[in-house]
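Notes for the one structure printed next.
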Amino acid sequence: MTPNNPPSPAEAPLRPHSFDGIQEYDKRLPNWWLLTFYGAIVFGIVCWLRTQHFAGPDDAAQLRAELARIEAAKFASVSSLDDATLWKMSRNPVVVASGRATFSTTCVGCHLASLRGKDENPQAIGVNLTDQIWIHGGRPMEINSTINTGVPAKGMPTWGPILGPKKITELVAYVLSYHQEGEPVIAAPSTAPAVPAPVAGTPK
Ligand code: HEC
């Protein structure tokens, strides 16, 4: 079959094959078509990289983060704090992150960023909070009360009035995040030098 208005051979040469007498022109594909075609390929590659290689947190991770946030908010309304609750808080990433933030501004000076205090650097004032040796008790509620009341005679400040209960429980959770529930607690005496009691009348 020959079209009524055949293009010139320069414009569209005939392809060499012929099927049942039908031949094809070798015409250039229209630009709009090529643009859509290559565009689709580029779009496909971008989508693939975006979803398979540079994807943000997946749904499961987002859900876990959201649940941790809700759980952390619920801890705030716990009426009576106990060991079990503090252990649970120590497994909540939101609570532990808040505790880490307070620790890094308030406690690192003495206990160091590693929490290992004197064990890392003998010059440090604070004791190691990551080992199983505890001077004032290693149960979560005992750690809570040590931080609250401090050990002023040995140089550990009284944090309760300064930080308030929320920040203190977050700090307990942060310290506990270095520990396992049920691990042994070895009682040890304090080796910190006694801080001289302020003499009445001397300016601070
Ligand atoms: C000025 C230095 C100093 C700062 C700041 C400090 N601590 Fe201490 N901390 C000490 C010393 C010293 C001891 C050891 C007390 C003793 O020997 O009885 C101690 C002991 C502790 C203990 C008890 C350890 C045990 O074995 O029973 C905990 C828990 C603790 N600190 C937590 C904290 C937290 C949390 C902070 C921040 C809010 C903090 N400390 C800030 C000096 C400090």
Side-chain angles (χ1 to χ4, degrees), residues 64-65 67-204:
R64 273 195 303 277
L67 287 174
R69 207 184 53 73
I70 294 169
E71 193 194 32
K74 276 195 191 155
F75 286 133
S77 57
V78 169
S79 52
S80 62
L81 202 62
D82 55 17
D83 286 352
T85 311
L86 285 167
W87 276 119
K88 253 193 236 159
M89 291 170 111
S90 76
R91 302 294 173 249
N92 182 294
V94 177
V95 179
V96 171
S98 307
R100 184 184 300 118
T102 310
F103 197 94
S104 66
T105 55
T106 318
C107 323
V108 282
C110 294
H111 291 280
L112 307 189
S114 64
L115 280 73
R116 295 183 60 248
K118 277 182 190 159
D119 283 0
E120 180 180 310
N121 179 354
Q123 306 292 312
I125 299 171
V127 289
N128 189 345
L129 302 176
T130 66
D131 59 9
Q132 298 170 358
I133 301 165
W134 295 95
I135 305 164
H136 302 283
R139 279 186 29 236
M141 286 304 279
E142 290 171 325
I143 298 171
N144 188 57
S145 83
T146 310
I147 301 174
N148 257 308
T149 51
V151 193
K154 295 288 189 167
M156 161 73 176
T158 303
W159 294 108
I162 300 167
L163 298 174
K166 181 168 181 279
K167 286 213 163 105
I168 302 267
T169 47
E170 287 165 359
L171 283 165
V172 179
Y174 178 55
V175 171
L176 287 175
S177 72
Y178 284 80
H179 295 269
Q180 293 300 321
E181 199 170 350
E183 73 180 14
V185 169
I186 302 156
S190 169
T191 54
V195 175
V199 179
T202 35
K204 282 207 171 160

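Keep in mind that this is a model prediction, so the values were computed, not measured. Just follow the structure's listing: the first ligand is 1, and inside any ligand the first atom is 1.
In terms of protein heavy atoms, atom 18 (O) of ligand 1 is closest to H136 NE2, 2.6 Å. Of the protein's non-hydrogen atoms, S190 OG, 2.5 Å is the one closest to atom 17 (O) of ligand 1. Counting only heavy atoms of the protein, atom 41 (C) of ligand 1 lies nearest to W159 NE1, 3.4 Å.
Under the 3.5 Å distance criterion, the side-chain polar atoms of E71 are left unmatched by any main-chain donor or acceptor of L67. The main-chain N or O of G150 is never found under 3.5 Å from a side-chain atom of H136 such that the two would form a donor-acceptor pair. Between the side chain of H111 and the main chain of R116, no donor-acceptor pair closer than 3.5 Å is present. A distance-only check finds no donor-acceptor pair linking the side chain of S77 to the backbone of A73 [under 3.5 Å].
Within ligand 1, the atoms closer than 4.0 Å to a non-hydrogen atom of I143 are 29 (C), numbered from 1 in the order shown. Residue I125 has at least one heavy-atom neighbour below 4.0 Å for each of these atoms of ligand 1: 12 (C). Less than 4.0 angstrom separates some heavy atom of G155 from each of these atoms of ligand 1: 1 (C), 2 (C), 3 (C), 42 (C), 43 (C). Close approach to A192 involves these atoms of ligand 1, each under 4.0 Å from a residue heavy atom: 17 (O). Atoms of ligand 1 lying under 4.0 Å from any heavy atom of T106, numbered from 1 in the order shown and given with element: 5 (C), 38 (C). Distances below 4.0 Å separate heavy atoms of L171 from the following atoms of ligand 1: 38 (C).
Residue K154 places its NZ atom among more than 12 non-hydrogen atoms of other residues, nucleotides or ligands, all under 6.0 Å distant.
Using a 3.5 Å distance cut-off with no hydrogens or angles, the side chains of S145 and N148 do not pair a donor with an acceptor.
Looking at I133 and N128, their side chains never come closer than 4.5 Å, going by heavy atoms from C-beta outward.
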Stepwise side chain to side chain contact (heavy atoms under 4.5 Å, CB included) test for W159 and T102 = CA-CA 12 Å; W159 294 108; T102 310; over 6 Å; no
ask   = Would S190 and V151 count as a side chain to side chain contact (heavy atoms under 4.5 Å, CB included) if you check the C-alpha gap in whole Å, the side-chain angles of each, and the deciding distance to 0.1 Å?
value = CA-CA 10 Å; S190 169; V151 193; over 6 Å; no
request  = Check step by step if side chain to side chain contact (heavy atoms under 4.5 Å, CB included) holds for F75 and E170.
outcome  = CA-CA 10 Å; F75 286 133; E170 287 165 359; over 6 Å; no
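Residue-and-atom listing of protein N/O/S atoms under 2.8 Å from atom 8 (Fe) of ligand 1, sorted by chain and number: H111 NE2, M156 SD.
At a 4.0 Å heavy-atom cut-off, ligand 1 touches W134 through backbone and side chain alike.
Looking at ligand 1, you won't find any N or O of K154 less than 3.5 Å from one of its N or O atoms.
Considering only non-hydrogen atoms, atom 25 (C) of ligand 1 lies nearest to I135 out of V195, I162, L163, I135.
Closest non-hydrogen pair, Y178 versus S114, comes out as CE2-O, 4.4 Å.
Summarising the geometry, atom CG belonging to L112 is positioned 10.0 Å from atom CD1 belonging to I125; distances are rounded to the nearest 0.5 Å.
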